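Just below is one structure, and these are the notes that go with it.
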Amino acid sequence: MAQNEIVRVRFAPSPTGQLHIGNVRTALFNWLFARQKRGTFILRIEDTDLERSEARYETQLMDDLKWLGIDWDEGPDVGGPYPPYRQSDKMDVYRGYAERLIKEQKAYYCFCSAEELERDRQQAMAEQRQPNYSGKCRNLDPAEVERRRSSGEPAAIRLKIPEHPIRFYDIVRGDVEFSNEVVSDPIIVRSSGMPIYNYVVVIDDADMKITHVIRGDDHISNTPKQVAVYEALGLPVPEFAHLSTILGPDRERLSKRHGATSMANFREMGILPEALMNYLALLGWAPSGGDREIFSKEELIKEFDLERVNPAPAVFDTEKLHWLNRHYIKQSPPDRIHQMGTEMLQRADLLPASVNGSVSGWANALIDLLAPYVDQLNQLRDKAKIIFNHDPISALALPENAEAFANDKGKAVARAFAKRASSESPLTPERFKAIMDEVKAETGAKGKDLFHPVRIMLIGSHSGPDFNKLIPVIEDGSRLELPVHVKSVRERVEESVAALEN
RNA sequence: GUCCCCGUCGUCUAGCCCGGCCUAGGACAUCGCCCUUUCACGGCGGUAACACGGGUUCAAAUCCCGUCGGGGACGCCA
């Protein structure tokens, strides 16, 4: 790349479904590269496959990208100097170039039927040969071509692959070379007249003056065909960077059966955008030194380096994403987490559709109580069960809880605590502490033996949030009008003791 | 099957291009200890890797060859 060349990169998704996390990483790497080089980042919609493309996916993909924090300088919504930014709006251009290639004898009509080609392919595989196109239409007599064309026989257009090896430079992998023997003449225009991806991508990239093509490495085998198109058209070949595939824990390409794979999934789960961005950046890239994990958007832009991208495929690790997400939850301004958490709880019908006044304040306290315990914000729903679903009978039946009451001491603690707590309404953290001291003195229980029975009575589990924060949330919640009644401390201990005595 | 790509702790990776500073560093996970009158958070510490086999070299995780393993592509999909 020339010293003062302005970097122009693009992210070119097909609107055929939810944005896959692997594609999001591709978008991110393009964007980071552009922002660091003070270049241009372009969004282009590749919708030549009319069968599968849908407008709603296009809207959603733009929405998802913005959510992550990626913006674009040129695109279908914002325009730019090299329109159109949606391939379906550009058919005439592709057709024009194809006619030129035919005229220059760099491409030719192919009359082979899809069935015929499929048969050849199967046979080649069976004979352990490279399944290449035979080239049978390559040297058809021009008069015959003309006759068949004018009789209306359907024909696709194929590009002639040159008789020399095709080389290109890949920033991630270095020099790559393909023997021309393994690259067969590709179809560039379907018999229906619709052009093919490998062909239009080149024209679009050239028209948009793309300098670096950064994309998934599933395209690496397509690259020689595209280079051939550049050469046939006499267009400058950009630099490439092929990013490795993201794998699931079983080392297979990450797919739906591994769980969450789309942007939408992560959003719904309550993964913060900065956590996702940070995690994705670390998948296949690490700063020199490799001893930093936390990067803000600005730091990523500053530090990111395409040359340091790892060519080996990377396994997606949800645990590490969760670690980053917990980090960013803790770092977030409380208001933001309150708002996101409230929405999560509303969706679960645990909070009223409209939250204000005392309910709002209480909801915030509830979220503060639970948020430190979640990996992703939608886990708030489950964690909130300790407040909304108090059920002593099933709690006592749990094996890990039974232990706390296995000896008489546990029951004695429960009774001693219940006796005192029942007469306090509401119970305050100060009184709670005093009561615990009394229970300790009366029963001789301390540490685990003292706290576990009490905690199980209150929330049905021997582990959970700090009592000083927990008790006010329970007591305040019990006096609010909520979709699900929150039992008071008194209700909880009385029901628990009753269950215990049976 | 053919071609292409890849191979450092369980996982993400630093180191590899420019051999010695690597008795291989960091992070997640895991285990232990401390803190906490419980739990979590936090702090401290531990276990854990150069796929294998040949070269080249005084010296190889680093260079070369082979084997094995993994992934991808082979479409009138993108």
Side-chain angles (χ1 to χ4, degrees), chain A residues 12-16 46-49 51-53 87 110 112-114 117-118 121 124-133 154-158 170 172-174 176-179 181-184 186-198 200-201 215-224 242 244-245 247 249 251-253 279 282-294 307-308 310-324 326 330 372-373 404 433 436-437 440 445-456 459 461-467:
Chain A
S14 308
T16 54
E46 308 220 321
D47 58 350
T48 48
D49 186 351
E51 308 265 307
R52 296 191 300 151
S53 297
Q87 291 181 330
C110 173
C112 300
S113 71
L117 294 169
E118 182 55 27
R121 192 161 28 244
M125 302 261 262
E127 290 170 14
Q128 310 195 350
R129 289 181 358 247
Q130 181 81 20
N132 278 354
Y133 173 60
I157 300 177
R158 281 187 193 270
D170 189 299
V172 177
R173 288 153 218 273
V176 183
E177 178 179 311
F178 282 81
S179 156
E181 283 157 29
V182 303
V183 186
S184 55
I187 287 181
I188 57 174
V189 178
R190 296 172 172 94
S191 51
S192 68
M194 279 298 284
I196 291 285
Y197 166 78
N198 275 325
V200 299
V201 72
R215 65 200 343 178
D217 69 356
D218 46 336
H219 288 281
I220 202 162
S221 311
N222 283 327
T223 307
H242 286 99
S244 71
T245 319
L247 273 23
R251 309 209 115 259
E252 297 264 350
R253 187 195 208 106
Y279 178 69
L282 257 19
L283 253 196
W285 172 82
S288 112
D291 54 357
R292 277 184 70 199
E293 316 289 327
I294 306 289
E307 313 239 354
R308 294 186 59 84
N310 193 157
V315 174
F316 192 90
D317 182 8
T318 308
E319 298 282 1
K320 190 152 183 176
L321 205 214
H322 279 162
W323 171 71
L324 281 165
R326 274 180 262 136
K330 281 179 229 156
Y373 292 82
K433 191 175 182 317
M436 288 306 276
D437 285 339
K440 185 179 177 182
K446 58 181 180 182
K448 247 207 279 206
D449 293 337
L450 178 64
F451 277 79
H452 282 190
V454 173
R455 191 179 280 283
I456 291 166
I459 63 169
S461 165
H462 58 74
S463 84
D466 183 62
F467 283 110

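All values reported here derive from a predicted model rather than from experimental measurement. Chain naming here is simple, since letters A, B, ... match the order of the sequence lines and numbering starts at 1 in each.
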Tell me what [X] touches on the nucleic acid: a base, only sugar-phosphate, or nothing, going by heavy atoms under 4.0 Å.
{"X": "R455(A)", "result": "base"}
{"X": "E293(A)", "result": "base"}
{"X": "G216(A)", "result": "nothing"}
{"X": "E118(A)", "result": "nothing"}
{"X": "R253(A)", "result": "sugar-phosphate"}
{"X": "F316(A)", "result": "nothing"}
{"X": "L117(A)", "result": "base"}
{"X": "D466(A)", "result": "base"}
{"X": "C110(A)", "result": "nothing"}
{"X": "L283(A)", "result": "sugar-phosphate"}
{"X": "P131(A)", "result": "base"}
{"X": "H219(A)", "result": "base"}
{"X": "N222(A)", "result": "base"}
{"X": "D449(A)", "result": "nothing"}

- Message: My understanding is that only residues two or more places apart in sequence, or in another chain, count here; which of them pass ring pair (Phe, Tyr, Trp, His ring centres under 6.0 Å) with H322(A)?
- Response: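 Partners of H322(A) under the ring pair (Phe, Tyr, Trp, His ring centres under 6.0 Å) test: none.
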
- Query: Partners of Y133(A) by ring pair (Phe, Tyr, Trp, His ring centres under 6.0 Å), sequence neighbours excluded?
  - Reply: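 Ring pair (Phe, Tyr, Trp, His ring centres under 6.0 Å) list for Y133(A), sorted by chain: empty.
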
- State which residues pass side-chain hydrogen bond (donor to acceptor under 3.5 Å, both in side chains) with R308(A); sequence neighbours excluded, sorted by chain then number.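 For R308(A), no residue satisfies side-chain hydrogen bond (donor to acceptor under 3.5 Å, both in side chains) once neighbours in sequence are set aside.
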
- Closest approach of N132(A) to V182(A) (non-hydrogen atoms, all atoms of both residues):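 Shortest heavy-atom separation between N132(A) and V182(A) comes out as OD1-O, 3.7 Å.
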
- Message: Can you give me the closest heavy-atom contact between S244(A) and P311(A), atom names plus distance?
- Response: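 The answer is CB-O, 3.3 Å.
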
Which value, in whole Å, describes the distance between the [atom1] atoms of nucleotides [N] and [M]?
{"N": "C39(B)", "M": "G46(B)", "atom1": "P", "answer": "24 Å"}
{"N": "G66(B)", "M": "U23(B)", "atom1": "C1'", "answer": "30 Å"}
{"N": "C4(B)", "M": "A59(B)", "atom1": "C1'", "answer": "35 Å"}
{"N": "C9(B)", "M": "C35(B)", "atom1": "C1'", "answer": "29 Å"}
{"N": "C16(B)", "M": "C34(B)", "atom1": "C1'", "answer": "40 Å"}
{"N": "C41(B)", "M": "U67(B)", "atom1": "C1'", "answer": "50 Å"}
{"N": "C17(B)", "M": "A61(B)", "atom1": "P", "answer": "12 Å"}
{"N": "C22(B)", "M": "G1(B)", "atom1": "P", "answer": "43 Å"}

Hunt down the Watson-Crick or G-U wobble partner of [N], both distances under 3.5 Å, from any strand shown, or write none.
{"N": "C22(B)", "value": "none"}
{"N": "U56(B)", "value": "none"}
{"N": "G69(B)", "value": "C6(B)"}
{"N": "A40(B)", "value": "none"}
{"N": "U30(B)", "value": "G46(B)"}

- For the residue pair D218(A) and T245(A), confirm or rule out a side-chain donor-acceptor distance under 3.5 Å.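 There is no such pair between these side chains.
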
- Query: Earliest and latest nucleotide of RNA chain B, 5' to 3', sitting under 4.0 Å from a non-hydrogen atom of chain A?
  - Reply: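 Contacts span G1(B) to A78(B), reading 5' to 3'.
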
- Message: Using heavy-atom distances to pick each residue's nearest nucleotide on RNA chain B, tell me which of D291(A) and N198(A) is more 5'.
- Response: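 Nearest-nucleotide comparison on RNA chain B picks D291(A).
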
- Hey, which of these two, N310(A) or F451(A), hits RNA chain B nearer its 5' end, going by closest nucleotide?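 Residue closer to the 5' terminus by nearest nucleotide: N310(A).
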
Side-chain donor-acceptor contacts of residues 284-291 of chain A below 3.5 Å, not counting sequence neighbours, with atom names and distances?
none

- Ignoring hydrogens and angles, tell me if any N or O in the side chain of R253(A) forms a donor-acceptor pair with the backbone of L247(A) under 3.5 Å.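 Between the backbone of L247(A) and the side chain of R253(A) there is no qualifying donor-acceptor contact (under 3.5 Å).
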
- Message: Please enumerate all residues that pass salt bridge (charged side-chain N to carboxylate O under 4.0 Å, His left out) together with K320(A), with sequence neighbours excluded.
- Response: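 Salt bridge (charged side-chain N to carboxylate O under 4.0 Å, His left out) list for K320(A), sorted by chain: E293(A).
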
